[in-house]
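What follows is a short report on a single structure.
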Amino acid sequence: MENIVSSDALMYIGVGICALSMTVSAWGLAKVFGILIETIGRNPQVKNDVQTLGLIAAGLIEAIALYALVVAILMIYK
């Protein structure tokens, strides 16, 4: 029985999954900053606390996207 799926096809599927995780990460960043702006708009006194936590959350979410990008690049260049 011959191999139906080539390794290149599997590589492109893996890279697509990495791109999907980067897209979801971008959606998460938009949601974090949207809620951050809404919270500061409703209660301006908590700006410093909320802003600090929001930036930490954004950094963690961005790290996920960067890890996915590194994995995708490593898959392409084997």
Side-chain angles (χ1 to χ4, degrees):
M1 180 179 262
E2 66 183 73
N3 192 0
I4 297 174
V5 180
S6 68
S7 63
D8 287 340
L10 293 175
M11 176 190 65
Y12 290 125
I13 290 171
V15 170
I17 292 171
C18 287
L20 180 64
S21 69
M22 287 185 276
T23 303
V24 172
S25 178
W27 176 78
L29 277 173
K31 189 160 179 86
V32 164
F33 282 117
I35 291 173
L36 182 72
I37 291 169
E38 181 181 342
T39 302
I40 292 172
R42 288 177 187 239
N43 191 0
Q45 290 84 14
V46 297
K47 178 183 178 190
N48 291 333
D49 296 333
V50 173
Q51 188 175 14
T52 303
L53 292 175
L55 291 176
I56 291 171
L60 292 173
I61 293 170
E62 189 66 30
I64 294 170
L66 290 175
Y67 293 147
L69 178 65
V70 168
V71 169
I73 290 172
L74 288 174
M75 280 186 202
I76 291 174
Y77 292 113
K78 296 181 186 181

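In this text, all values refer to a predicted model and were calculated from it rather than measured experimentally.
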Quiz item: Under 3.5 Å, is there a donor-acceptor pair between the side chain of Ser25 and the main chain of Ile61?
Solution: yes

Self-check item: Common cluster, Leu55/Ile40, ILVMFWY with side-chain heavy-atom separation under 4.5 Å
Solution: yes

Practice problem: Find out if a path of hydrophobic residues (ILVMFWY) with successive side-chain heavy-atom gaps under 4.5 Å connects Ile37 to Ile35. | Solution: no

Quiz item: Going hydrophobic residue to hydrophobic residue with side-chain gaps under 4.5 angstrom, can you get from Leu53 over to Val50?
Solution: no

Quiz item: CD of Gln51 to OG1 of Thr39: how many Å apart, nearest 0.5 Å?
Solution: 12.0 Å

Practice problem: Begin from the C-alpha positions of Tyr12 and Ile17 and carry the test side chain to side chain contact (heavy atoms under 4.5 Å, CB included) through to its verdict. | Solution: CA-CA 9 Å; Tyr12 290 125; Ile17 292 171; over 6 Å; no

Quiz item: Shared ILVMFWY cluster between Val70 and Met22, side chains joined below 4.5 angstrom?
Solution: no

Practice problem: Identify whether Leu60 and Leu66 are in the same connected component of the hydrophobic contact network (ILVMFWY, side-chain heavy atoms under 4.5 Å). | Solution: no

Practice problem: Ignoring hydrogens and angles, tell me if any N or O in the side chain of Thr52 forms a donor-acceptor pair with the backbone of Asn48 under 3.5 Å. | Solution: yes

Quiz item: Roughly how far, to the nearest 0.5 Å, is CD1 of Ile64 from CG of Leu29?
Solution: 9.5 Å

Quiz item: At their closest point, which heavy atom of Val71 faces which heavy atom of Cys18, and how far apart are they?
Solution: CG1-SG, 3.7 Å

Exercise. Considering non-hydrogen atoms only, spot the tightest contact between Met75 and Met11 and give its length.
Key: O-SD, 3.0 Å

